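Small disclaimer: the values here were computed from a predicted structure and weren't measured. Here is how names work: the chains are called A, B, and so on, in the same order as the sequence lines, proteins then strands, and each is numbered from 1. Below, each value reflects all heavy atoms present in this structure, side chains not excepted, and no hydrogens, waters or symmetry copies.
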There are 2 protein chains.
Amino acid sequence: MNYSKQREVVLDSLKKNVIHPTAEKLYSIIQIEYPEVSKATLYRNLSQLADAGIIKKIDGLEPSAHFDHNTHPHYHFMCEKCGRVFDISTDVAQNVTEKAEQETGFKITSHEIVFKGLCKDCQE
Amino acid sequence: MNYSKQREVVLDSLKKNVIHPTAEKLYSIIQIEYPEVSKATLYRNLSQLADAGIIKKIDGLEPSAHFDHNTHPHYHFMCEKCGRVFDISTDVAQNVTEKAEQETGFKITSHEIVFKGLCKDCQE
DNA sequence: CTCAACTTGATAATCATTCTCATTTTAAAC
DNA sequence: GTTTAAAATGAGAATGATTATCAAGTTGAG
């Protein structure tokens, strides 16, 4: 991957926005300061960065993909009221890969847990 | 929900096809025997049945949604080679909801785990 | 049987994303 | 610093999945 100003902007903006934004959300954020980044470039760079393991695409949050600059293992929680996405520690489900491999005989390379419900703020 | 022949066909076809088909896959299956079921009706009924809790939409298997007639709690595994989706017992991750609620203070109403890797057949 | 609510098929519309391609930028080699 | 091939870009077209629209047909309680 060669350097490009636009890719730098995409990655920096994702790092600055810990809200696990969707591509569209990130696009609108970037537009404010860097209107020179096109939508095609944004999508292109999001997949490239994800392929390179520099960012992570969060599955399970359809209809549109969310992205996370934190590639350390962790799970996610999405509040069904405010829509915000929070990180959940892997502590909540230990050795799941091992257990699932034992139980099935499958070779598991990745897994993802998505919780849904109400965040603290929205419970009130 | 009133009765309709088409809805019956959709539900029966999903029950007969344990492969966790996508909407499009199910459409092509249904077309063979019941060409009178339109795509709009299929999509409409899939969401209605899912809203009613009669079937379940499996998230995390983008880009298109998969459906499951088994609404009992269980997880999923998708083989990255053959694309098949298998059920995984909830044994592999016990008390995750409780643990996550304790850790975060969020009210969790649902969660989903999707594993990816190679199924038994594809490991050879 | 009647009638309002529900459902349908056909198709248009929408949304998210990917693709195309001519132009521009990057960076390694000279 | 010039050359050059590979990489990256912007604009917009194209695609795929899904949802919306709406006139016409179906269902079921009274």
Rounded to the nearest angstrom, tell me the gap between atom [atom1] in [X] and atom [atom2] in [N].
X       : N      : atom1 : atom2 : value
B:Asn45 : C:dT8  : CG    : C1'   : 9 Å
B:Asp59 : D:dA17 : CG    : P     : 16 Å
A:Leu46 : C:dT18 : CG    : P     : 9 Å
A:Glu24 : C:dT14 : CD    : P     : 15 Å
B:Asp51 : C:dT7  : CG    : C1'   : 16 Å
A:Leu42 : D:dA8  : CG    : C1'   : 14 Å
B:Lys39 : C:dA12 : NZ    : C1'   : 14 Å
A:Gln6  : D:dA7  : CD    : P     : 17 Å

(Q) Can you identify which nucleotide, out of D:dT18, D:dT9, C:dT17, has its nearest atom closest to the A:Tyr43 side chain? (A) C:dT17

Q. Taking the side chain of B:Ala65 as heavy atoms from C-beta outward, which of C:dT7, D:dT18, D:dA8 is closest to it?
A. D:dT18

(Q) Can you confirm if the aromatic rings of B:His74 and B:Phe86 lie within a centre distance of less than 6.0 Å? (A) no

Q.
For the aromatic rings, using the six-membered ring if either is Trp, is the centroid distance between A:Phe106 and B:Phe115 under 6.0 Å?
A. no

Looking only at heavy atoms, which two atoms of [X] and [Y] are closest? And how far apart?
X       : Y       : value
A:Thr71 : A:Lys56 : CG2-N, 4.1 Å
A:Lys99 : B:Asp91 : CD-O, 4.4 Å
A:Leu42 : A:Val37 : N-CG1, 4.5 Å

Q. Going 5' to 3' along nucleotides 19-30 of chain C, which nucleotides have protein heavy atoms under 4.0 Å from the base (write B), which only from the sugar-phosphate (write S), and which from neither (write -)?
A. BB-----SS---

**Q.** Residue pair A:Asp51 / A:Gln48, side-chain donor-acceptor N/O under 3.5 Å
**A.** no

